[in-house]
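We name chains A, B, ... by the order of the sequence lines, and we start the count at 1 in each one.
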Amino acid sequence: MKKDLTKSILDSLTALTKNGVISGDISFPPIHFEIPKDTKFGDLATNIAFLLAPTFKMPPRKLAETIIQNVSAWPEDIEKVEIAGSGFINLFFKPRFWHTTLKQIQDNPKEFCSPRLSKGEKINIEFVSANPTGPLHVGHGRCAVVGDVLARLLEKVGYQVTREYYLNDAGRQMEILGRSVLLRYYQKLGKNTDIPFLENGYQGEYIQDIAASIIEDKGDLYLSSPEEEVIPLFSKIAAEKILSQIKQDLALTRVRFDRWFSENSLYETKVVEKAITRLKAEGWIYENEGALWMKTTAVGDEKDRVVIRSSGEPTYYASDIAYHQNKFERGYARIIDIWGADHHGYVDRIKAVAKAFSIPEDTISILLVQLVRLLHGKTQINMSTRKATFTPLAEVIKEVGTDAARFFFLLRRYDTHLDFDLDLAKKQSSENPVYYTQYAHARICSIFRELEKQSLCLPPPDPSLLKIPQEIQIIQKLSLYPQIISEAAQSLEPHRITFYLIEVATLFHKYYNHYRVISDDLDLSAARLYLVSAVRTVIADGLQLLGISTPEKM
RNA sequence: GCGCCUGUAGCUCAGUUGGAUAGAGCAACGGACUUCUAAUCCGUAGGUCGCCCGUUCAAAUCGGGCCAGGCGUACCA
């Protein structure tokens, strides 16, 4: 439709230039249409008269009139054209247009719901990647859900997506983890009980549990072994146990991963070493004060960053350089990293890696998901993995349910701070908009159950019987679905889908409360069932995309 | 100090990429179940879009400057 309209208006504009209203070579800006928020302004509107007013040296309103007068033919489905305000051109469609649209949705719902943006290019999306040193907290949950829905969304529009979890199973924190377990192990067996716990150790109860389980398996076997031997073993045991807990938490959240990438493997296969050698040769890494530094200032970082400490130990950044090089070399058209916003200082470092390996800047997107502040009513809960003062994600999900938790995370833009009030979340079990949306779906299912019960013999649906403004409005809203999907995928903003679905549900609930779908008028009933079934198609598709269930009864 | 994010109704948030009279939900108040599910609907009330300049026919949206909050600013991960 927009294409035809563009043609009509463009024809008029070229006619105007030929008639000598203006002279010279004119290149017209692209004609942009938008859907007015008020239906009295029509189905589509364009601001072209404003944009061209200076070129034509005419007031916008006058120009709009001139343009309309010179249109030789509007598309068939245009009912009327109006000029409003100081120069908007408002276009009104014939109802027929919307009836055909509805038919298109129903004829091929699958194709309608999944617009193609890609022919199968590969995308890597890395998210959560929480260290295996403790259970996931609510902040991780937000990243998990946002990442998961982005992955689903990109898959839907045609990309081939790899969901990846980068596992930090190397380095100093693993040592601290092992040492924390060891201390609890000693304590439980009555050794060194007078020594205070590690300043920077992990203090959570789960550490005690791990120590206890080791005692259960092996008793005091390690009591007299040297620490250098026991600590690596304990970190390994602890990391494995915690990782399996993390996997459970993710499963509970309905988040799945395709690949678990071990940081440690980068050292074992010498990939880190090779990457550093290469960057050194290319002048990206230099030596100073006994340490190796990466020139991150080249991409605007405020200072260069250490890659290898003067002690010879690599920093976290070293393996991350290798990790990203590895991702670049795996041939993805696009790489998306989703991080908690507290890592934002790290963005320049990764950009430097991309630049050093000559990766175009727009290949890699780093999404910073803003922090979640956990509240109990008005009191804030501090979150620290080390001190274990956080509330585990699993606990929250068990309280409010997976559907509600996911919906809640998707109900705000990921780059805004999120206050998660546990008290409210519990209350929201009946107020949460997720139920509102699901309820619309359930109600429609119920209509069809009723239909079966009455065993009516309906004629084939005739969409042209849908004449009430609310019915047209619903079709208009439904017709936007593919566009919403595309925009959400392009801008990487899953929340748009959530808001859209609530809007669809709202229109449906209002309609349902005012009009009966099944009535004595069988022709009308058939047409309305046709409409309502399209609503169900879109809501179900959208909820599935968000990883939320579509109950048939509530 | 510097950098990133945020500031919209009492609360929690949207705002079609610069459009027309700024919208929802919750909370408050008043109404609607003999009906395909009332987890719903209808109505009332609620605003200096943090503040000030600027760009524009047009600014919540873009630019600059302030103010406030959060986060970051390690040879930690």
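- The residue A/A291 sits close to a base: some heavy atom pair falls under 4.0 Å.
- Nucleotides B/G64 and B/C5, compared at atom P, are 12 Å apart to the nearest Å.
- Of all the residues in residues 506-525 of chain A, A/H509, A/K510, A/Y512, A/N513, A/H514, A/Y515, A/R516, A/V517, A/I518 reach under 4.0 Å from RNA chain B with at least one non-hydrogen atom.
- Taking the side chain to side chain donor-acceptor pair (under 3.5 Å) definition, one finds that A/T39 meets it with nothing, sequence neighbours left out.
- Side chain A/N90 to base B/A20: a donor-acceptor pair is found below 3.5 Å.
- With a glycosidic angle more than 90° from 0, B/U44 adopts the anti conformation.
- A/Q483 contributes no side-chain N or O that, together with a main-chain N or O of A/L480, makes up a donor-acceptor pair within less than 3.5 Å.
- Taking for each of A/E313 and A/L368 the nucleotide of RNA chain B with the nearest heavy atom, the 5'-most of the two is the partner of A/L368.
- By the stacking rule of 5.5 Å between ring centres and under 30° between planes, A/F50 does not stack on the base of B/A58.
- Partners of A/D521 according to the salt bridge (Lys or Arg N to Asp or Glu O under 4.0 Å) rule, which considers only residues two or more places apart in sequence or in another chain, do not exist here.
- Shown here are the salt bridge (Lys or Arg N to Asp or Glu O under 4.0 Å) partners of A/R179, two or more places apart in sequence or in another chain: A/E175, A/E227.
- In this pair, A/Y512 and A/F508 present their aromatic rings tilted. The plane angle is within the 30 to 60° band.
- Judged by distance alone, with hydrogens and angles left aside, the side-chain atoms of A/R406 form no donor-acceptor pair with the main-chain N or O of A/I548 at under 3.5 Å.
- Taking atom P on both nucleotides, B/A14 is separated from B/C62 by 15 Å, rounded to a whole Å.
- When the C1' atom is used for both B/A59 and B/G18, the distance is 7 Å, rounded to whole Å.
- Separating the CZ atom of A/R349 from the P atom of B/A77 is a distance of 11 Å, rounded to the nearest angstrom.
- Taking atom CD1 on A/I502 and atom P on B/A24, their separation rounds to 13 Å, with Å as the unit.
- Every residue two or more places apart in sequence or in another chain was checked for a side chain to side chain donor-acceptor pair (under 3.5 Å) with A/T6, and none qualifies.
- Between A/M58 atom CE and B/C57 atom C1' the separation is 16 Å, expressed in whole Å.
- At a cut-off of 3.5 angstrom, counting only N and O atoms as typed in the model, there is no donor on one side facing an acceptor on the other between the side-chain of A/T315 and the base of B/C75.
- Annotation: side chain to side chain donor-acceptor pair (under 3.5 Å) contacts of A/T297 (sequence neighbours excluded): A/D304.
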Under 3.5 Å donor-acceptor pairs involving side-chain atoms of residues 336-352 of chain A, not counting sequence neighbours:
from   : atom 1 : to     : atom 2 : distance (Å)
A/D337 : OD1    : A/K327 : NZ     : 3.0
A/D337 : OD2    : A/H324 : NE2    : 2.6

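- Straight-line distance between the P atoms of B/C13 and B/C71: roughly 16 Å, to the nearest whole Å.
- Among residues two or more places apart in sequence or in another chain, the salt bridge (Lys or Arg N to Asp or Glu O under 4.0 Å) test is passed with A/E302 by none.
- Of all heavy-atom pairs between A/W284 and A/A298, the closest is CZ3-CB, 3.9 Å.
- Within 4.0 Å (heavy atoms only), A/A45 reaches at least one base atom of the nucleic acid.
- Atom P of B/G46 sits at a distance of 42 Å from the matching atom of B/C2, rounded to the whole Å.
- Computed from coordinates, the A/W293 CH2 to B/A74 C1' distance equals 10 Å when rounded to whole Å.
- Protein atom CD of A/E82 is 13 Å distant from nucleotide atom C1' of B/A20, rounded to whole Å.
- B/U44 and B/G23 have their P atoms separated by 14 Å, given to the nearest Å.
- B/G15 and B/C42: their C1' atoms are spaced 25 Å apart (whole Å).
- Ring geometry, A/Y286 versus A/W293: the interplanar angle falls under 30°, so the pair is classed parallel (tilted spans 30 to 60°).
- Spacing between atom OH of A/Y435 and atom C1' of B/C26 amounts to 16 Å, rounded to whole angstrom units.
- Here, B/C49 and B/U8 have their C1' atoms 4 Å apart, quoted to the whole Å.
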Quiz prompt | Base-contact (B) and sugar-phosphate-only (S) positions in nucleotides 12-18 of chain B, heavy-atom cut-off under 4.0 Å, - elsewhere | solution = SSSSBB-
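- With hydrogens and angles ignored, a donor-acceptor pair closer than 3.5 Å exists between the side chain of A/H344 and the base of B/G3.
- Base-pairing analysis of RNA chain B finds the following stems of at least three consecutive Watson-Crick or G-U pairs, with both pairing distances under 3.5 Å: B:1-7 with B:67-73, B:10-13 with B:23-26, B:28-32 with B:40-44, B:50-54 with B:62-66.
- Among the nucleotides B/A77, B/C4, B/A39, the one closest to the side chain of A/Y346 is B/A77.
- Between the CG atom of A/L501 and the P atom of B/A24 there is a distance of 18 Å, rounded to whole Å.
- Here A/K303 reaches the OP1 or OP2 of B/C75: one of its side-chain N or O atoms lies under 4.0 Å away.
- Across all strands shown, A/Y436 has heavy atoms under 4.0 Å from sugar-phosphate atoms exclusively, and none from any base.
- Between the OH atom of A/Y317 and the P atom of B/A74 there is a distance of 15 Å, given to the nearest Å.
- A/S262 meets the side chain to side chain donor-acceptor pair (under 3.5 Å) test with A/D169; sequence neighbours excluded.
- At the heavy-atom level, A/S86 lies nowhere under 4.0 Å from the strands shown.
- Here A/E552 pairs with nothing under the salt bridge (Lys or Arg N to Asp or Glu O under 4.0 Å) rule; sequence neighbours left out.
- Picking from B/G72, B/C75, B/G19 the nucleotide with the shortest atom distance to the side chain of A/E289 gives B/C75.
- In the set B/G72, B/A39, B/C57, the nucleotide with an atom closest to the side chain of A/M554 is B/A39.
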